[in-house]
Student: 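Mind having a look at this structure? Questions to follow.
Indexing begins at 1, ligand by ligand and atom by atom, following the structure's order. The residues of the chain are indexed from 1 along the displayed sequence. On a predicted model such as this, the values are computed, not experimentally measured, just so you know.
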Amino acid sequence: MSLANKLAEERRARLAAERLLEQKQAELQAANRKLGKHALALSHEIHETRAEVQTVRDENQRVKSDLNDAYQKVEIAERRLWHSIETIQDGFAFFDADSRMIAANNAYLAVFDGLEAVKPGVSYIEILQFITEEGVVNIGALKPHEWREKMLDRWQSFAPEPEVIRLWNGHYIKLIDQRGHGGDMVSLALNITDTIRHEKELTEARRRAEAANRAKSSFLANMSHEIRTPMNGVVGMAELLMETDLTEEQRLFASTIKTSGEALLVIINDVLDYSKIEAEKLVLHAEPFDLERCIHELVTLMQVNARDKGLELLVDYDLFLPTRFVGDPGRIRQIMTNLLGNAVKFTESGHVLVRVTGVHPDAEGRASVHVTVEDTGIGIPPDKIDHIFGEFNQVDDERNRKFEGTGLGLAISQKLIRLMGGKIWVDSEPGKGSTFGFSVSLPVAEIVEADMPNLINGQFRALIVEPQATSRAILERQLEQLGVAVVSCQNAAEALVQVGAGFDLVVSDHNMVGMDGLELAEALRDAGHGMPFLLLSHNTGYAEQDPARVHVQAVLQRPVARRDLFGVLAALMPSDPVQARPMRVLAAEDNRTNRLVFSKMVRGLDIELSFAENGREAVELYRALVPDVVFMDISGLMYQTHQPEG
Ligand code: ADP
């Protein structure tokens with residue numbers, strides 16, 4: 001081989017080697033770069049992981065410290081709770097659903113007086129056992145096992161009622177047990193010894209105060225009664241004195257003695273009644289009576305005062321309500337007198353209306369009777385409404401002050417109504433008027449149908465002449481109830497027009513503007529109408545004296561009681577006259593003055609009067625004379641009369 005060839009070959013080999021070297025170097029560099037990148041990535045990763053680990057570690061630390069805090073708080077709360085529970089003087093314990101004690105405070109455990117066995121873990125049944133065995137509780141008349149059964153029954157009930165037990169040392173413990181979540185039971189044992197002692201002291205103090213009050217009322221009642229007897233003498237004698245020959249001046253003196261005495265008697269009677277009720281000595285005397293009649297009698301009595309003031313006094317007695325009831329008529333009259341008296345007293349103009357309604361007799365024959373007394377008077381301010389039923393309480397203002405009174409009337413009425421098991425109320429608007437009402441449940445003495453006369457059966461036509469709307473409506477209903485066909489007019493002129501239609505009866509008011517009732521009767525007679533004419537008058541005395549009286553068949557006092565109306569209608573038919581003899585009256589009276597007053601009072605009456613001076617004599621005379629009426633003092637006589645046989 002030529003040198004040149006060899007050289008060429010060598011150059012080629014060198015060049016090849018150099019190229020290979022270059023290539024390997026490039027490869028090495030690339031590998032190096034890759035390695036560098038990888039190393040960088042790895043280092044990043046390591047860094048991140050490290051940070052994460054740190055975070056987790058921090059969190060762990062925080063949780064641990066929170067837990068620690070919480071634990072400490074729980075511990076403090078529990079300590080405080082127990083401290084509180086231990087501080088309270090009352091027993092506290094709780095039990096699990098199996099009735100095993102979980103915990104109890106010292107006050108609870110102290111009751112067991114060091115009994116080791118009573119501690120957390122003990123069962124309720126075991127506790128009951130210890131209590132009876134050790135005599136911790138005064139179990140009264142029960143046998144130990146009976147007491148345990150009773151207590152266990154209570155414990156096992158869903159919501160045990162509080163129970164008061166008495167410990168051996170006289171302490172009273174009130175057990176209050178309440179079921180909680182999952183059947184746990186929280187038990188409180190409250191020491192109520194002081195409360196019970198206070199209660200006993202209070203009850204005793206109250207009993208003594210009430211007894212003292214009753215004694216005082218009793219004294220007052222006796223005193224008032226004692227004062228009443230001589231006062232009756234004073235009034236009665238003054239009355240008799242006035243009937244003798246006197247100068248004007250002497251008459252004035254006597255009349256002042258009489259009115260002052262009467263006023264004093266009213267007050268004494270109020271005080272007497274009030275004290276009697278307070279002393280629980282007032283007894284109701286139930287007997288059959290006619291409520292409607294009783295109300296009408298009162299209204300008639302009040303009529304004089306009402307007329308003087310120009311007031312209309314009306315009665316609206318529910319036609320479907322019975323009139324006869326069993327109750328204490330005297331007391332009902334007293335209540336009505338008070339309400340009516342007040343209504344007239346406190347009303348200057350307008351009317352006073354007594355309305356009687358009721359709920360019909362129930363299966364036991366009792367009816368609920370509602371009576372209201374409505375006036376158009378001065379009214380009562382709202383803030384005084386509750387006040388007026390109190391004793392000696394009156395509305396104290398300018399308008400009221402001029403009226404006299406004791407302020408006892410409503411207090412007595414309220415007490416009487418309560419005694420009867422009823423209630424009393426008032427509605428009032430100052431300046432407009434007041435409505436006082438009461439309701440009582442009373443046995444019906446007789447069913448209303450028995451009262452209704454069966455004389456009119458739809459054929460009868462009556463003409464009513466009445467200017468006053470309320471009175472007209474009441475009268476219409478009263479007559480329609482009997483089956484009478486009614487035509488009403490407001491005055492005599494209208495009546496004269498209507499009367500042509502042919503009526504069987506005319507019922508007319510007396511005192512009418514223009515032509516009055518009696519003039520109307522006369523005009524009718526002059527016109528040839530002969531039907532019965534019934535005159536209703538507020539002042540029957542005045543009507544009776546009128547020469548025109550001859551034209552009317554009957555005069556009735558207003559307001560008209562249904563019974564009277566029925567009576568008059570019945571009287572239009574012929575009836576047998578009744579044989580009359582003087583009434584035999586026996587008066588038992590131990591006071592000589594009163595006997596004198598009484599005999600002077602009734603002189604001139606067609607009666608046979610006998611006196612008994614004491615109870616024994618009264619009984620003897622009662623047997624001998626069989627009087628129609630006996631007058632008797634209630635508590636003045638020492639000898640009680642009794643019902644004679646038969
Ligand atoms: P008295 O009438 O003796 O004062 P009451 O107990 O009967 O006692 O009445 C108490 C008070 O109630 C009266 O003084 C009066 O102020 C008020 N009062 C009672 N009834 C009425 C009435 N119908 N209208 C206005 N006020 C009345």
Student: At a non-hydrogen distance cut-off of under 4.0 Å, which region of Phe389 contacts ligand 1 (side chain, backbone, both, or neither)?
Tutor: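 It is neither; nothing of Phe389 touches ligand 1.
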Student: Answer with side chain, backbone, both or neither: which part of Lys384 has a heavy atom less than 4.0 angstrom from an atom of ligand 1?
Tutor: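 It is neither part, as no heavy atom is under 4.0 Å.
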Student: Would you say the side-chain atoms of Thr376 pair up with the backbone N or O of His351, donor to acceptor, closer than 3.5 Å?
Tutor: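 Looks like yes, one N/O pair under 3.5 Å.
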Student: For ligand 1, does Asn338 get within less than 4.0 Å through its side chain, its backbone, both, or neither, judged by non-hydrogen atoms?
Tutor: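 The side chain, only.
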Student: Using distance alone, determine whether Leu410 and ligand 1 share an N or O pair under 3.5 Å.
Tutor: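 For ligand 1, there is an N or O atom that lies under 3.5 Å from one belonging to Leu410.
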Student: Output yes when Asp316 and Arg477 qualify as a salt bridge under the 4.0 Å nitrogen-oxygen rule, no when they do not.
Tutor: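 Counted as a salt bridge, because a side-chain N and a carboxylate O are separated by less than 4.0 Å.
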Student: For atom 12 (O) of ligand 1, which candidate among Leu408, Leu340, Val426, Ile388 provides the closest heavy atom?
Tutor: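 Nearest heavy atom to atom 12 (O) of ligand 1 lies in Ile388.
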Student: For Asn338 and Ser413, which I'm curious about, is there any donor-acceptor pair between the side chains at under 3.5 Å?
Tutor: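 Yes - a donor-acceptor pair under 3.5 Å links their side chains.
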Student: Do Glu613 and Arg595 sit within salt-bridge range, that is, some charged N less than 4.0 Å from a carboxylate O?
Tutor: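 Here Glu613 pairs with Arg595 in a salt bridge, since their nearest N and O are under 4.0 Å apart.
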Student: Do the side chains of Glu210 and Arg207 get close enough for a salt bridge, i.e. N-O under 4.0 angstrom?
Tutor: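 Looking at Arg207 together with Glu210, the answer is no, because their closest N to O distance does not fall below 4.0 Å.
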Student: Which ligand 1 atoms are under 4.0 Å away from a heavy-atom of Ser434?
Tutor: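 Going through ligand 1 atom by atom, the ones under 4.0 Å from Ser434 are 22 (C), 24 (N), 25 (C).
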Student: Is it the side chain (CB and beyond), the backbone, both or neither of Asp375 that lies under 4.0 Å from ligand 1, heavy atoms counted?
Tutor: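 Answer for Asp375: side chain.
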Student: Does any N or O of ligand 1 fall below 3.5 Å from an N or O anywhere on Gly409, backbone included?
Tutor: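 Min N/O separation from ligand 1 is below 3.5 Å for Gly409.
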Student: For Gly379, take its heavy atoms, then give the atoms of ligand 1 lying under 4.0 Å from any of them.
Tutor: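 In order of numbering, the contacting atoms are 25 (C).
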Student: Aromatic ring centroids of His510 and Tyr542 under 6.0 Å?
Tutor: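 Ring-ring flag for His510/Tyr542: true, centres closer than 6.0 Å.
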Student: Answer yes or no: is there a donor N or O on one side and an acceptor on the other, between the side chain of Arg208 and the main chain of Ala211, under 3.5 Å?
Tutor: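 No, Arg208 side chain to Ala211 backbone: no donor-acceptor pair under 3.5 Å.
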